[in-house]
Amino acid sequence: MRHLLSTSTTAPKDTVVKIALLLPAYPSRRILRKGRALTKSLLQTQSLAGETVEVVVGLVPLTDVYWKEESARFTALGERVSVRRLHWERIPFSNAKRMFFAYPRPSTGPGIDSVILPRDFGENFLDCSFWFNIADLRAGAVYGVRPMANFLLEPTPRQVPEAFPHASADPYWALQTEAFRSFRMTGLVVTEGESDAAEWASYAGIRRDDVMAVGELYTPAASISTSPHHASRLLWRVEPDPIYDFERAAAGLQRYLNEGGSMSPVLLSELPEEGFRKGSNIPLVAGASFSVREMLHRLPYRHYCDENDIARALATSAYVWDSAVFAMAKALSRDALFAGLPLLSAEVPGWEASEGATFLRYRSDNAHAIADALHELERFQPHAPALHEDTLADVTVRIGFVLDRLWEMSDA
């Protein structure tokens, strides 16, 4: 049995371990950023393993511009990173079993009608030793031809049910059920936090021993420095989505401004600016009160695509507000701490700031509490960065444990 984190001589020092990182068809900016953080951790495991790790990223080319920009962000991480054009193909489960009879892996079981396969119009990622699948419940079950770890990095419908379909007949529910069944068969699910691991084990019916927590997948935004010319600017990271508690957060901000709050809020979002302006067809924006829509229309806006955009936004801000109600969506909170900026955050179980940080939390159950917390934030000033690099190193070690587990699965 080969253990990646041991000093076993069964693995030659010049061995190349090729790992496929399979991204969803429509990944959010947050997921793309976590994918880059995961890639960096995988590359760093070579010093633990005595082997060379190569990462092959599967990225769906939504447009030519998107493909060029996002693939460049991945390949910039190192020469041992390559990016392939990924196409997810759905086929009947019975067809997949016939196609891959030479790879008798228990990737699926009873109750699964169809599966999706990663295609790259070449090797189809079969030249990779392991698959790291960033799971998308909307896509259903992935047929794991190679030993596969399913990374569950999106919020669960159990915690934010408004973010998922309500109709019982919606195809989403059948696909989610098939995904859960495949997780139980593949034998390895990976989350960020321990609370996430317990949540998924309960919700998806996965054995707790088969769920590994690796810590927050995070890479600091580069070259963060604050400017004294924007002493009152409040950077509000938000999307018109229940994950960011958009309705209550917007109402709380409106109350704060009506009460004479001195900070000047700026929207930071991966959504195009039109999504927050008059005439938006985003349900949570279009359905907001007239006064809230007017406020959103007047607020300055900054769009972001990657860590560099976030760094530029932080460099001109004095305060940061992250209204996400999910630990998995807290990357900007880490950025604020790394920059030494006072941070206001919704109270999220399982998410803690580093010691010494200016970090205020509020209960997101009403707009009054949010307005009061914003007034409280005004009292603080930027401070020394409060992010411990040891935390990032710990994630790399835990990613190594995931690889070690995959080696065990391949030897079984």
Side-chain angles (χ1 to χ4, degrees), residues 3-6 17 19-24 27-28 30-49 51 53 55 57 74 77 81 128-137 142 144 146-156 159 183 186-204 206-220 324 326-331 333-334 338 348-354 387-410:
H3 293 281
L4 191 66
L5 296 181
S6 72
V17 179
I19 298 169
L21 176 62
L22 306 174
L23 294 166
S28 65
R30 182 172 62 84
I31 289 298
L32 288 168
R33 184 176 183 182
K34 289 185 180 295
R36 290 191 289 272
L38 178 55
T39 299
K40 288 186 69 173
S41 290
L42 283 170
L43 293 176
Q44 292 167 8
T45 59
Q46 66 169 341
S47 60
L48 302 173
E51 298 175 308
V53 173
V55 181
V57 179
F74 275 99
L77 299 176
V81 180
C128 298
S129 300
F130 307 120
W131 288 0
F132 277 31
N133 172 48
I134 309 299
D136 181 359
L137 298 183
V142 176
R146 292 301 193 191
M148 180 170 65
N150 291 290
F151 281 72
L152 299 178
L153 305 180
E154 288 287 4
T156 71
Q159 292 180 300
F183 295 161
T186 51
L188 183 56
V189 169
V190 183
T191 67
E192 291 183 283
E194 290 291 344
S195 60
D196 302 324
E199 179 76 25
W200 279 111
S202 172
Y203 186 69
I206 309 167
R207 287 199 322 149
R208 182 61 184 85
D209 290 346
D210 290 334
V211 186
M212 301 181 68
V214 296
E216 187 176 6
L217 295 171
Y218 170 77
T219 51
F326 245 111
M328 294 185 218
K330 285 294 186 185
S333 291
R334 292 293 182 211
F338 193 77
V348 175
W351 195 91
E352 296 293 339
S354 302
L387 178 69
H388 298 305
E389 294 295 336
D390 290 347
T391 302
L392 306 181
D394 288 345
V395 173
T396 296
V397 172
R398 295 190 185 105
I399 293 297
F401 292 149
V402 173
L403 288 172
D404 196 35
R405 181 75 171 268
L406 290 173
W407 276 120
E408 294 176 8
M409 291 169 58
S410 67

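- Remark: side-chain polar atoms of Ser41 are not paired, donor with acceptor, to backbone N or O of Leu38 under 3.5 angstrom.
- Of all non-hydrogen atoms in Phe74 and Leu21, the two that sit nearest each other are CE2-CD2, 4.3 Å.
- Atoms CD1 and OG1, from Ile206 and Thr191 in turn, are 9.5 Å apart once rounded to the nearest 0.5 Å.
- Under the side-chain hydrogen bond (donor to acceptor under 3.5 Å, both in side chains) criterion, Asp136 pairs with Arg138, sequence neighbours left out.
- Nearest heavy-atom pair, Glu216 versus Val395, reported as atom, atom and distance to 0.1 Å: O-CG2, 3.4 Å.
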side-chain contact (heavy atoms from CB on, under 4.5 Å) between Asp210 and Arg405, worked out: CA-CA 10 Å; Asp210 290 334; Arg405 181 75 171 268; 3.0 Å; yes
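- Going from atom CD of Gln44 over to atom OG1 of Thr396 covers 4.0 Å, rounded to the nearest 0.5 Å.
- By the 4.0 Å N-to-carboxylate-O rule, Arg208 lies close enough to Glu194 to be salt-bridged with it.
- Atom OG of Ser28 and atom NZ of Lys34 lie 9.0 Å apart (nearest 0.5 Å).
- Taking every heavy atom of both residues into account, Tyr218 and Ala37 meet most closely at N-CB, 3.5 Å.
- When atom types are taken as modelled, the side chain of Glu192 and the backbone of Leu217 share a donor-acceptor pair closer than 3.5 angstrom.
- Closest approach of Ala149 to Val190, counting heavy atoms only: CB-CG2, 4.1 Å.
- Residues Asn150 and Trp200 form no side-chain contact, since every pair of their non-hydrogen atoms from C-beta on lies 4.5 Å or further apart.
- Two residues are said to be in side-chain contact when any heavy atoms from C-beta on lie closer than 4.5 Å; Pro27 and Ile134 fail this criterion.
- Counting only heavy atoms from C-beta outward, the side chains of Tyr203 and Leu152 never approach each other to under 4.5 Å.
- Counting only distance, with no hydrogens or angles, the side chain of Ser202 and the backbone of Ala198 share no donor-acceptor pair below 3.5 Å.
- Here the closest non-hydrogen pair linking Met409 and Leu188 is SD-CB, 4.0 Å.
- Checking each of Leu22, Thr39, Leu406 against Phe132 for a side-chain contact (heavy atoms from CB on, under 4.5 Å) leaves exactly one that passes, namely Leu406.
- At least one side-chain heavy atom of Leu42 sits under 4.5 Å from a side-chain heavy atom of Ile399.
- Annotation for Val402 and Met212: closest pair N-CE, 3.9 Å, computed over non-hydrogen atoms.
- No side-chain heavy atom of Phe151 sits under 4.5 Å from any side-chain heavy atom of Ile31.
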